[in-house]
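The structure presented is a predicted model; accordingly, all values stated were derived computationally and were not measured. Ligands are counted one by one from 1 in listed order, and the atoms in each one are counted from 1 as well.
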Amino acid sequence: MNIKNICCIGAGYVGGPTMTVIAQKCPHIKVTVVDINESRIAAWNSADLSKLPVFEPGLAGVVKEARNRNLFFSTDVDKAIDEAEMIFMSVNTPTKTYGKGKGMAADLKYIELCARQIARVSKQNKIVVEKSTLPVRTASAIKNILENTGNGVEFQILSNPEFLAEGTAVQDLLSPDRVLIGGGSTAEDKEAIQALVDIYANWVPRERILTTNVWSSELSKLTANAFLAQRVSSINAMSEICEKTGADVNEVAKAIGMDSRIGNKFLRASVGFGGSCFQKDILNLVYIAKTYGLNEVADYWEQVILMNDHQKQRFSDNIVSTLYNTVSGKKITFFGWAFKKDTNDTRESAAIKVADNLLNEHANISVYDPKVTKERIYADLEYLNSRDPEENRKFLKVENDPYKAANDSHAIAVLTEWDEFKTYDWEKIYSKMQKPAFVFDGRGILDINKLKKIGFVCYKIGSSS
Ligand code: UDX
Ligand code: UDX
């Protein structure tokens with residue numbers, strides 16, 4: 001089957017960059033990314049490339065190359081569905097906030113709406129690709145909805161989870177470790193799988209394109225995220241032991257990482273993992289395990305989240321106890337709000353929880369992040385509903401200049417590992433702070449010896465010195 005038109009529903013952090021790279025690498029295919037959010041589509045179409053809704057290193061250049069050549073961003077969902085032979089579903093699948101499975105299960109409301117819209121609009125056979133992360137066996141529900149429309153259109157459902165990490169999305173898409181495609185076993189299913197393989201084969205070596213059955217593909221995505229998050233919680237658990245015993249977590253990470261069976265990636269101790277996926281996907285996995293009565297399996301994975309919550313809590317507790325058991329009325333400066341460097345995404349960022357804890361202790365917080373907007377930061381706090389929005393705005397200020405943010409503060413807390421934090425003039429920062437001046441490095445990126453020489457009192461995650 002020769003695909004000439006692709007539609008992607010959902011122009012978010014996954015749909016936008018993924019389709020941009022497909023369009024760049026497949027100039028013979030027209031790729032239309034649609035979204036119900038008009039302002040998001042307008043931002044993708046913005047002439048000023050610094051206004052794209054997603055910040056990713058290298059993305060603007062690829063958008064510039066492909067946009068309006070064979071890459072289009074539109075709010076006309078019906079038209080794009082109608083034209084396409086292949087439709088990617090890349091809408092968000094947040095954790096349910098109501099009803100059965102509240103706080104755990106994935107909310108598939110948007111996926112179902114998408115399927116119903118595809119069913120209503122389609123006049124010819126189509127391949128529907130699950131790009132969103134979905135609970136295992138969702139494909140059968142989608143197939144059910146699509147096939148019960150009675151208009152004789154046939155649909156093949158594929159699972160093609162996305163493994164890109166934010167901040168390195170373009171590189172991950174251009175050179176993925178693997179592309180995973182799950183599909184059924186009928187002749188039509190096989191043809192659909194091949195059509196998607198052929199698209200990726202335009203730039204991905206064949207041996208890195210893996211095909212499996214649909215359920216393996218759906219479950220592999222949840223498993224990959226669970227394993228990655230587990231590594232972070234494991235090293236974070238060790239960071240607390242290191243602080244008590246005089247070991248240094250970076251040295252431990254290096255020592256174990258040289259064992260080729262363990263490997264040296266994903267061993268950075270931190271104030272806790274964030275991002276839209278890890279927590280959501282593990283909760284989803286826990287829910288699935290519980291649904292099948294696998295309580296020990298559920299408890300095992302839930303511990304990864306409990307450890308992560310503990311890591312955020314103990315970071316803020318440590319700030320309070322170190323500042324003589326009170327931060328009331330004291331200014332504390334946050335360097336970083338994003339959940340990791342090189343992204344403007346703040347979903348589930350550790351900074352949000354740490355700020356909430358410190359605001360409960362009546363601290364005054366000043367935040368500087370190179371990419372996150374003021375509106376986003378206040379929206380993150382308001383979402384928690386811990387206090388009035390006016391109080392958040394009164395006690396937490398957002399600054400555009402790191403030196404201004406640090407002026408007159410008692411302590412600086414590093415919440416995101418942005419490279420620029422390492423190269424600041426720390427003597428200048430020190431000279432304008434209250435004394436004793438404290439630094440709490442939640443990412444272990446600063447040169448603590450240098451800071452100590454300047455006069456700072458330092459805490460670094462996973463180290464007692
Ligand atoms: C994606 C995946 O879809 C999710 O399952 C995975 O776990 C993480 O990555 P992401 O791209 O990060 O989600 O989500 P988001 O940036 O919120 O983008 C989703 C987009 O879908 C939004 O722009 C939203 O407006 C759009 N949408 C949602 C629709 O166009 N139609 C809908 O019915 C619902
Ligand atoms: C993750 C997966 O890596 C990706 O494959 C999947 O498609 C989506 O979820 P992402 O959340 O974008 O990607 O970023 P990732 O680099 O995995 O980092 C997640 C969180 O873990 C961040 O808060 C990061 O700071 C933290 N982390 C990561 C650590 O604290 N230590 C580490 O060693 C690695």
> Near Lys102 NZ, under 6.0 Å, is it more than 12 heavy atoms from other residues, nucleotides or ligands?
Replying inline: no
> Under 3.5 Å between some N or O of ligand 2 and some N or O of Lys221?
Replying inline: yes
> Taking everything shown except Tyr383 itself, do over 12 heavy atoms lie less than 6.0 Å from its OH?
Replying inline: no
>> With heavy-atom distances below 4.0 Å as the criterion, list the atoms of ligand 2 near Ser270.
In response: 29 (C), 30 (O)
>> Looking at non-hydrogen atoms alone, which of Gly12, Ser276, Pro94 comes nearest to atom 18 (O) of ligand 1?
In response: Gly12
> Is atom CE of Met238 surrounded by more than 12 heavy atoms (other residues, nucleotides or ligands) closer than 6.0 Å?
Replying inline: no
>> For ligand 2 and Phe163, I'd like to know whether there is a polar contact (N/O to N/O, distance under 3.5 Å).
In response: yes
>> Counting only nitrogen or oxygen atoms and a 3.5 angstrom limit, does Glu166 reach ligand 1?
In response: no
> Is Lys374 atom NZ crowded by more than 12 heavy atoms from other residues, nucleotides or ligands, each under 6.0 Å away?
Replying inline: no
> Which atoms of ligand 1 are found less than 4.0 Å from any heavy atom of Ser132?
Replying inline: 2 (C), 3 (O), 5 (O)
>> Does atom CG (Asp48) have a neighbourhood of more than 12 heavy atoms from anything else shown, all under 6.0 Å?
In response: yes
> In a check of side chain to side chain donor-acceptor pair (under 3.5 Å) between Trp337 and each of Asp380, Thr373, Thr416, Thr346, which one passes?
Replying inline: Asp380
> If you measure from each non-hydrogen atom of Lys109 to ligand 1, which part falls under 4.0 Å: side chain, backbone, both or neither?
Replying inline: neither
> What atoms of ligand 2 come within less than 4.0 Å of a heavy atom belonging to Glu162?
Replying inline: 7 (O)
> Which option, Lys265, Lys341, Arg268, owns the non-hydrogen atom nearest atom 33 (O) of ligand 2?
Replying inline: Arg268
> Quick one: is the NZ or CZ of Lys131 closer than 6.0 Å to the six-membered ring centre of Phe88, and within 45° of its axis?
Replying inline: no
> Among Thr93, Asn37, Ile41, which one has a heavy atom closest to atom 4 (C) of ligand 1?
Replying inline: Thr93
> Going through the distances and angles, do Glu166 and Arg347 end up as a salt bridge (Lys or Arg N to Asp or Glu O under 4.0 Å)?
Replying inline: CA-CA 11 Å; Glu166 288 177 31; Arg347 289 177 287 181; 3.6 Å; yes
> For the residue pair Phe438 and Phe440, does the interplanar ring angle fall in the parallel (under 30°), tilted (30 to 60°) or perpendicular (over 60°) class?
Replying inline: parallel
>> Side chain or backbone, does Leu164 bring an N or O within less than 3.5 Å of an N or O on ligand 2?
In response: yes
> Should one rank Val14, Asn308, Val232, Asn264 by closest heavy-atom distance to atom 27 (N) of ligand 2, which comes out on top?
Replying inline: Val232
> Can Lys131 be said to touch ligand 1, with heavy atoms closer than 4.0 Å?
Replying inline: no
>> With the threshold set at under 4.0 angstrom, would you say Glu348 reaches ligand 2 through any of its heavy atoms?
In response: no
> With a 4.0 Å heavy-atom cut-off (strictly under), which part of Lys280 contacts ligand 1: side chain, backbone, both or neither?
Replying inline: side chain
> Which of these, Leu108, Val91, Asp345, Thr133, has its nearest heavy atom closest to atom 3 (O) of ligand 1?
Replying inline: Val91
> With atoms numbered from 1 as shown, which atoms in ligand 1 lie under 4.0 angstrom from a non-hydrogen atom of Gly10?
Replying inline: 20 (C), 21 (O), 26 (C)
> Do any N/O atoms on Gly274 end up under 3.5 angstrom from N/O atoms on ligand 2?
Replying inline: yes
>> Does the Lys NZ or Arg CZ of Arg67 fall within the cation-pi geometry relative to Phe73 - under 6.0 Å from the ring centre and within 45° of the axis?
In response: no
> Any N or O on Gly272 sitting closer than 3.5 Å to an N or O of ligand 2?
Replying inline: no
>> Evaluate Cys277 for polar contact with ligand 2, using N/O atom pairs at a separation under 3.5 Å.
In response: no
> Under 4.5 Å between any side-chain heavy atoms of Leu113 and Val91, yes or no?
Replying inline: no
> Which heavy-atom pair separates Ser217 from Asn160 by the least distance, and what is that distance?
Replying inline: OG-N, 4.4 Å
> Can you find a pair of side-chain heavy atoms, one from Ile282 and one from Asn225, that are under 4.5 Å apart?
Replying inline: no
>> Under 3.5 Å between any N/O of Val34 and any N/O of ligand 1: does that happen in this structure?
In response: no
> Phe273 heavy atoms, cut-off 4.0 Å: which ligand 2 atoms fall inside?
Replying inline: 20 (C), 21 (O), 23 (O), 26 (C)
>> If I apply the N/O under 3.5 Å rule, does Lys340 come out as touching ligand 2?
In response: yes
> Is there a heavy atom of Ser90 sitting under 4.0 angstrom from any atom of ligand 1?
Replying inline: yes
